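Comments concern the structure below.
Just so it is clear, the model here is predicted, and its values are computed rather than measured. For the single chain, residues carry numbers from 1 onward in sequence order.
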Amino acid sequence: MHGDTITTLLLVVAFVSVTAVVSSGASASSSPLRFHYIYLRNFTTAVDSSPPSSSPRRDGRPTLALLHRDAVFGTTYPSKSHAVAALAARDGARAEYLQQRLAPSFSSTYQPTMTTEVGSEVVSGISEGSGEYFARIGVGSPPTEQYLVVDSGSDVIWVQCLPCTQCYAQADPLFDPAASASFAAVPCGSGVCRTLPGGSSGCGAGEPCRYEVSYGDGSYTEGVLAMETLTFGDSTPVQEVAIGCGHRNRGLFVAAAGLLGLGWGPMSLVGQLGGAAGGAFSYCLASRGADAGAGSLVFGRSDAMPVGAVWVPLLRNAQAPSFYYVGLTGLGVGGERLQLQSNLFDLGEDGGGGVVMDTGTAVTRLPPDAYAALRDAFTDAVGGGLPRAPGMSLFDTCYDLSGYASVRVPTVALYFGADEGTALTLPARNLLVAMDDHGVYCLAFAASASGMSILGNIQQQGIQITVDSATGYVGFGPTTC
């Protein structure tokens, strides 16, 4: 594989009010940040959602614009409350899938598939259960541009292919392997074929390697494994990437051509890049609001490592090794650490519990006791100064802020060590979700239906996050991106 090119996406995210604060409790001079001031106009101003006519350049590097799912696929809603309801439905499906997938008793038929030192644009959103972010990637020679779901919990790279026995509707034309000069089916019994989790799906000697991936919600893809060329923006094409060419596909990947896996396994993009990328990638998810529409995904150790990041050990779940877990030890509200059961966020030896980072889940899920403590501390710190509003869908802590230009809310911090440890104080924008066009906002956390926790993308937005799978650490950048 070729690792001589790193395509860096430099996508600008404007953040309102405060930046993310990463600190170490060992520093006595740093006092915890207690409150954020949120300017509500930045939550409600409309964004021009039309795709740009060309890919801009910055610092001489190719850049791809990030677009919200509704802009990419033409989805419209009668109102913001309808859009939030759709988000909640997608989020519920994704969280339920993860809770089932990561339960100790889960018996999986999940069989992933694969890719070098590159970067690509990430596009916000798709539909139920399929993830919230997209990459625009050229597949084949000459390249056919396709929108792929970006999934940090999957080890698969695949696209729908002609001839198609069963395919769902997608925004781009189906990929035709017969029209690609670089398409080469992987032989059954080859080393790459044997790398598939569970082995190949029923191929014989002299036949192409067959793969099958099912996602637990009824979605699946089946086809042949192939070596192909992928092109990321204007970069040099990356050759000999193993991808699934799906001839029989079903599920909830509406409008996307397939999936780009960023998981911890050998068949994911990160695993295939291997030494070429130094086992590291960095992403910044686009924030909501007037200046939204930008995000980044960068591969390669030299470009992915933010200066001044604080590093937290990643934990590996032996029962689900594709997923990235973090050692969360506590929560803080208003500069005070909450009194919680000491092992509430522990990853069990049976694979249960723990805190998984997931770009496909929007709202962070916490064990019921942890969520109740967070919610109560947040509402106590807000006090009676802000009028409450009825809960909506999975959101039960809401406020009617229609009469306010700005509000003061307590900070929320994530602790990753004993005692005070290392703390990530979330940016102001990552705490509330606008529920309608009339000024109702809700706390962007929810209770989990199981003992596991999910660090969702709303809480990750605007923070440069670097996953170093080679050393087993995740870094949180010191500023917003």
Side-chain angles (χ1 to χ4, degrees), residues 68-70 72-73 75 77 80-103 105-110 112 122-134 147-156 158 160 168-171 213-221 246 249-263 285 288 320 322-324 355-368 371 391-396 433 435 442 444-461:
H68 186 271
R69 62 182 295 272
D70 298 338
V72 173
F73 303 120
T75 306
Y77 300 99
K80 183 175 289 185
S81 59
H82 286 81
V84 172
L87 170 65
R90 295 194 306 273
D91 216 45
R94 175 69 176 189
E96 182 178 1
Y97 159 64
L98 287 180
Q99 287 160 358
Q100 293 176 354
R101 170 73 179 88
L102 301 177
S105 60
F106 182 80
S107 176
S108 177
T109 56
Y110 180 83
V122 180
V123 182
S124 202
I126 195 168
S127 70
E128 288 87 339
S130 59
E132 291 290 302
Y133 292 87
F134 288 62
Y147 281 114
L148 302 184
V149 175
V150 173
D151 188 353
S152 61
S154 176
D155 284 349
V156 63
W158 60 268
Q160 296 196 114
Y168 56 81
Q170 65 177 57
V213 181
S214 58
Y215 294 92
D217 61 357
S219 301
Y220 60 79
T221 175
N249 317 285
R250 176 184 181 275
L252 302 168
F253 303 95
V254 179
L259 188 143
L260 180 69
L262 296 181
L285 305 181
R288 308 175 310 281
S322 298
F323 292 86
Y324 300 103
V355 182
V356 64
M357 296 180 63
D358 185 47
T359 57
T361 305
V363 178
T364 289
R365 304 301 207 279
L366 300 170
Y371 173 68
M392 301 175 67
S393 184
L394 57 85
F395 305 100
D396 64 7
V433 175
M435 304 302 289
C442 296
F445 295 81
S448 171
S450 68
M452 70 169 291
S453 301
I454 305 170
L455 182 57
N457 63 55
I458 290 177
Q459 281 65 47
Q460 298 181 49
Q461 287 170 358

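The two residues Met435 and Cys442 come nearest to each other via the heavy atoms CG-SG, 3.3 Å. What you find for Leu148 and Trp158 is that their closest heavy atoms are CD2-O, 4.1 Å. The two residues Leu87 and Ala362 come nearest to each other via the heavy atoms CD1-CB, 3.9 Å. Thr364 and Gly456 make their closest contact through OG1-N, 3.0 Å (heavy atoms, listed as atom of the first residue, atom of the second, distance). Across all their heavy atoms, Asp151 and Arg94 have their closest contact at OD1-NH2, 2.8 Å. The two residues Ser154 and Leu259 make their nearest non-hydrogen contact at OG-CD2, 3.5 Å.
Looking only at distances, no side-chain donor or acceptor of Asp155 sits under 3.5 Å from a matching main-chain atom of Ser322. Distance alone, capped at 3.5 Å, is enough to place a donor-acceptor pair between the Tyr324 side chain and the Gly263 backbone. Judged by distance alone, with hydrogens and angles left aside, the side-chain atoms of Tyr147 form no donor-acceptor pair with the main-chain N or O of Gln170 at under 3.5 Å. In this structure, Asn457 contributes its side chain and Thr361 its backbone to a donor-acceptor pair below 3.5 Å.
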Side chain to side chain contact (heavy atoms under 4.5 Å, CB included) between Ile454 and Val363: does it pass, once the steps are laid out? CA-CA 8 Å; Ile454 305 170; Val363 178; over 6 Å; no
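Shown here are the side chain to side chain contact (heavy atoms under 4.5 Å, CB included) partners of Ala88, two or more places apart in sequence or in another chain: Ser393, Leu394. Under the rule for a side chain to side chain contact (heavy atoms under 4.5 Å, CB included), the partners of Ser448 that lie at least two apart in sequence or sit in another chain are Gln99, Arg365, Ser450, Met452.
Taking CG from Asp358 and CG from Leu102, the interatomic distance works out to 9.0 Å, rounded to the nearest 0.5 Å.
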